[in-house]
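One structure below.
Proteins get letters first, then strands, A, B, ... in listed order; numbering begins at 1 in each.
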4 protein chains.
Amino acid sequence: MAPTPPARGFPNKIQKPAAEASAAAGSRPGGRSARVRAQVLEAAGLQLVEHGYDALTVDAVAERAGVHRTTVYRRWRDVGGLLADLLDSAADDAWRPADTGSLEGDLTAMNQEILEAVVAEPSLTTALVAASFRSAEAARALRAFWAGRYERSAEVVERAGARGEVPPGTVPRPLLVAATAPLFHELVLLGTDPDPALPARAARAAALAARAGAFTGPPPGGVDPR
Amino acid sequence: MAPTPPARGFPNKIQKPAAEASAAAGSRPGGRSARVRAQVLEAAGLQLVEHGYDALTVDAVAERAGVHRTTVYRRWRDVGGLLADLLDSAADDAWRPADTGSLEGDLTAMNQEILEAVVAEPSLTTALVAASFRSAEAARALRAFWAGRYERSAEVVERAGARGEVPPGTVPRPLLVAATAPLFHELVLLGTDPDPALPARAARAAALAARAGAFTGPPPGGVDPR
Amino acid sequence: MAPTPPARGFPNKIQKPAAEASAAAGSRPGGRSARVRAQVLEAAGLQLVEHGYDALTVDAVAERAGVHRTTVYRRWRDVGGLLADLLDSAADDAWRPADTGSLEGDLTAMNQEILEAVVAEPSLTTALVAASFRSAEAARALRAFWAGRYERSAEVVERAGARGEVPPGTVPRPLLVAATAPLFHELVLLGTDPDPALPARAARAAALAARAGAFTGPPPGGVDPR
Amino acid sequence: MAPTPPARGFPNKIQKPAAEASAAAGSRPGGRSARVRAQVLEAAGLQLVEHGYDALTVDAVAERAGVHRTTVYRRWRDVGGLLADLLDSAADDAWRPADTGSLEGDLTAMNQEILEAVVAEPSLTTALVAASFRSAEAARALRAFWAGRYERSAEVVERAGARGEVPPGTVPRPLLVAATAPLFHELVLLGTDPDPALPARAARAAALAARAGAFTGPPPGGVDPR
DNA sequence: AGGTAACCGAGACGGTACGTCACGTCTTCAC
DNA sequence: GTGAAGACGTGACGTACCGTCTCGGTTACCT
């Protein structure tokens, strides 16, 4: 049961927008359009990471990308669109949750990743959260990103169920949220100084609660469990 | 042990800046300065709540308050200062946690308050969080606000300890964060549609974890438990 | 030797910025840019003339020109730039000194023009002098304007030399300055009430001094006679 | 016929406002009012000389004088009033024109003084001229200052008449203006680089013109000769 | 010597203008 | 004919002074 070392899966580094992604958009991969898109997205990511959301202006990105302002407006309309594009390409990476052999271990590993992504200086994750408050598109993309993460993390819960660590019928998402939310709350929302023990503690609390059956049963009134 | 009905303690309505608060500042309570300050703060709150952070411009607030732009700049320097002032006056209210007779009940009540504050349309709470990402002063004030809330909520945990619901040595803040964080995570950060069962579920999970001893012992390496 | 009636050559009326001048700048004459420039310059001149330098604010000019403030800032940076542009276009007009047949007559005619320009109500000339004290660019433009005027007026002195009215070697500029300076001194600097005889008197004094050889010889130690 | 060395009589240095001047205002010389007035006027002069007219703000002067803004407004109303007060106290000094033994010499000496006052860095004279374009009170004071200077300089012309250097009936003021105007024109209005020969040349030209009778006869239609 | 009137310090306010930045649109020129 | 370059309208920013006002506290003159 070898743990899979999950390459950093939370956004803390800009990823080169995959060439095939733009290919799907209808253009030839090597075309000027694709190159321009790549340049702009990369510039946007760098700008966001280096100078924060407030410096993520269309002008700055365009200049940084060596592209004219109007080009950016044409293709992304505004900064939110840029961010959404950025996040979307980050969303479909190959991230998989760690497999450490225990629920608590898996959750701790996930939290550790989150901690690192958040405390990174500058932190793309934090910047993206901030951005999500200002751009509906960015918010949507952020939501989609996390939906994907939680979905893929469901296997952690399934493995735990198979091991008998959690009761049958345990719903993954609430558990995962319980495990990860304290980190975001403390670090992102409240800006508390990072506490190295936080990932483990939050993971342990969620695992204990899960074992005690806190996350079984029909989640929200039969609504989709997401 | 009658439950104390806690008047909404999370910011979802602008409070009239207490007259006596400004009186302490050395000026006459009824003076023009005090009146101007009250007008501006009220206008800022209304503007924030009605049109969101992005519409919270100094110009708009000033006009709404019937006050000149430069006056606002003089006293608050920028929007962040306005928000900080707003939050600071919200922070020293008389909020006390509910006392329902059980830990889970108390936490559920608290979460219920949060849910209501967050889903209120428009939501001051959400707006303030958004603001905290853009103004250092607002962030500081938000932190102070929550520090106060958690501090006062410590008695919930103490009562639970007295009732034997949690092991001795249970540290309040991590427990409280575990109970409340999922709401913020889902509703504020991820923008998930409100789930009426969420407050109870998160409270229950935190209570179970606490009972299982997840929040005992020296928190991070003997650091202050905050 | 018919005297050439010199159309008013000292700035007392705003000149429509010549279309061909802006055409040389690379833009189409009828383009929006050219139109905007013309509107703004005209508005600036009118504003200056009607309400004086202190009312020559960017805001006022912009509004008067039916153009946005920032447009003015973009192209002229500040009021000084506007004035400089105004003066520069005034400088390259077709002004030529009068030819009355005598030195004194020519100088008197020139002074008469100056008098009229200065006593005009409102007086663009006076406004421009005032402006030159507050804007380096306006000062430079004013200097250039007068350099041009004096240069073209040199022919007056040459004609006088040819007629034997002044000794050979008479340097034009000091003579011209001696003839015209008293008007500016009295009317512009000291604000004395206009004296109808002043133009003739100053012209006569300068002519007499010139005849007596006051302006011959190497002017300042062989330096350029300007 | 010993030339009287005229102590610099053109404003190029701030004079301590005479104590007795303020005494006339009704207050005791040593009173606080007098002290405040002196402080403010001195501060105004220094500020003007060091930073130019545009920096001569009420705020700056008040701070420099160690006096509150409102005090300045109370007593002088605005910057123009300050300047007028400053100039008025400069006007009644003990300046007397030089007596070199010849008209040309006297005029040259006067021009030399002007040159020095104007090229001084920073030049109070130039600053005052600039100020006179922006404040009616300052303009009035400047006019009064020069009226006094020309009046006292009339004796130069009288002496010249007595010596037979100029025809009888020579009117002083036009002559004096003809002699001095070129300096102001070149140096103050046009900003030409100072030419060391200019004072002598202008003086000589005026003297020659005077000798030729340029300034005799009833000046303009019997109006006051000023 | 004490009362009182003038003056000063302090601070806020409404107001005008400044010069800048970024946005998103629209015109125009060049390829 | 289209698309990059650039200008424009628009709105907000934060700043500097302006001149006014209202307090409260000193001074210093006068009786």
To the nearest Å, how far apart are [X] [atom1] and [N] [atom2]?
X: E63(D); N: dG9(E); atom1: CD; atom2: P; value: 13 Å
X: L82(B); N: dC13(F); atom1: CG; atom2: P; value: 10 Å
X: W76(D); N: dC18(F); atom1: CH2; atom2: P; value: 15 Å
X: Q39(B); N: dG14(E); atom1: CD; atom2: C1'; value: 13 Å
X: R35(D); N: dC7(E); atom1: CZ; atom2: P; value: 15 Å
X: D59(C); N: dC18(F); atom1: CG; atom2: C1'; value: 15 Å
X: D78(D); N: dT20(F); atom1: CG; atom2: C1'; value: 14 Å

**Study point:** Minimum side-chain heavy-atom gap L128(D)-L48(D) below 4.5 Å
**Key:** yes
Check your understanding: Which residue pairs satisfy the salt bridge (Lys or Arg N to Asp or Glu O under 4.0 Å) criterion with at least one member in residues 73-86 of chain B, sequence neighbours excluded?
Key -> R37(B)-D85(B)
Check your understanding: Counting just side-chain N and O atoms, does Y73(B) come under 4.0 Å of either OP1 or OP2 of dC13(F)?
Key -> yes
Study note, to complete from the structure: Note: for V79(D) and R77(B) on DNA chain F, the residue whose nearest nucleotide lies more 5' is R77(B)
Practice item. May I ask you to decide whether R140(C) forms a salt bridge with D88(C), counting only side-chain N to carboxylate O separations under 4.0 Å? Key: yes
Please find the pair of heavy atoms, one from [X] and one from [Y], that lie closest to each other, and give the distance.
X: L86(B); Y: L41(B); result: CD1-O, 3.4 Å
X: R69(C); Y: D59(C); result: NH1-OD1, 3.1 Å
X: V129(D); Y: L142(D); result: CA-CD2, 4.1 Å

Review point. Taking it one step at a time, do T57(B) and V79(B) satisfy side chain to side chain contact (heavy atoms under 4.5 Å, CB included)?
Key: CA-CA 7 Å; T57(B) 68; V79(B) 169; 5.8 Å; no
**Study point:** Exam field: side chain Q47(D) to backbone A55(D), donor-acceptor pair closer than 3.5 Å
**Key:** yes
Study note, to complete from the structure: B/S/- along nucleotides 6-11 of chain F (protein heavy atoms under 4.0 Å) is BBBBBB
Check your understanding: At what angle, to 10 degrees, do the two end axes of the helix from dA1(E)-dT31(F) to dC31(E)-dG1(F) meet, given five pairs define each axis?
Key -> 20°
Exercise for review: Check the pair R64(B), L46(B) against side chain to side chain contact (heavy atoms under 4.5 Å, CB included), reporting the backbone distance first and the verdict last.
Suggested key: CA-CA 9 Å; R64(B) 185 158 194 164; L46(B) 290 174; 3.7 Å; yes
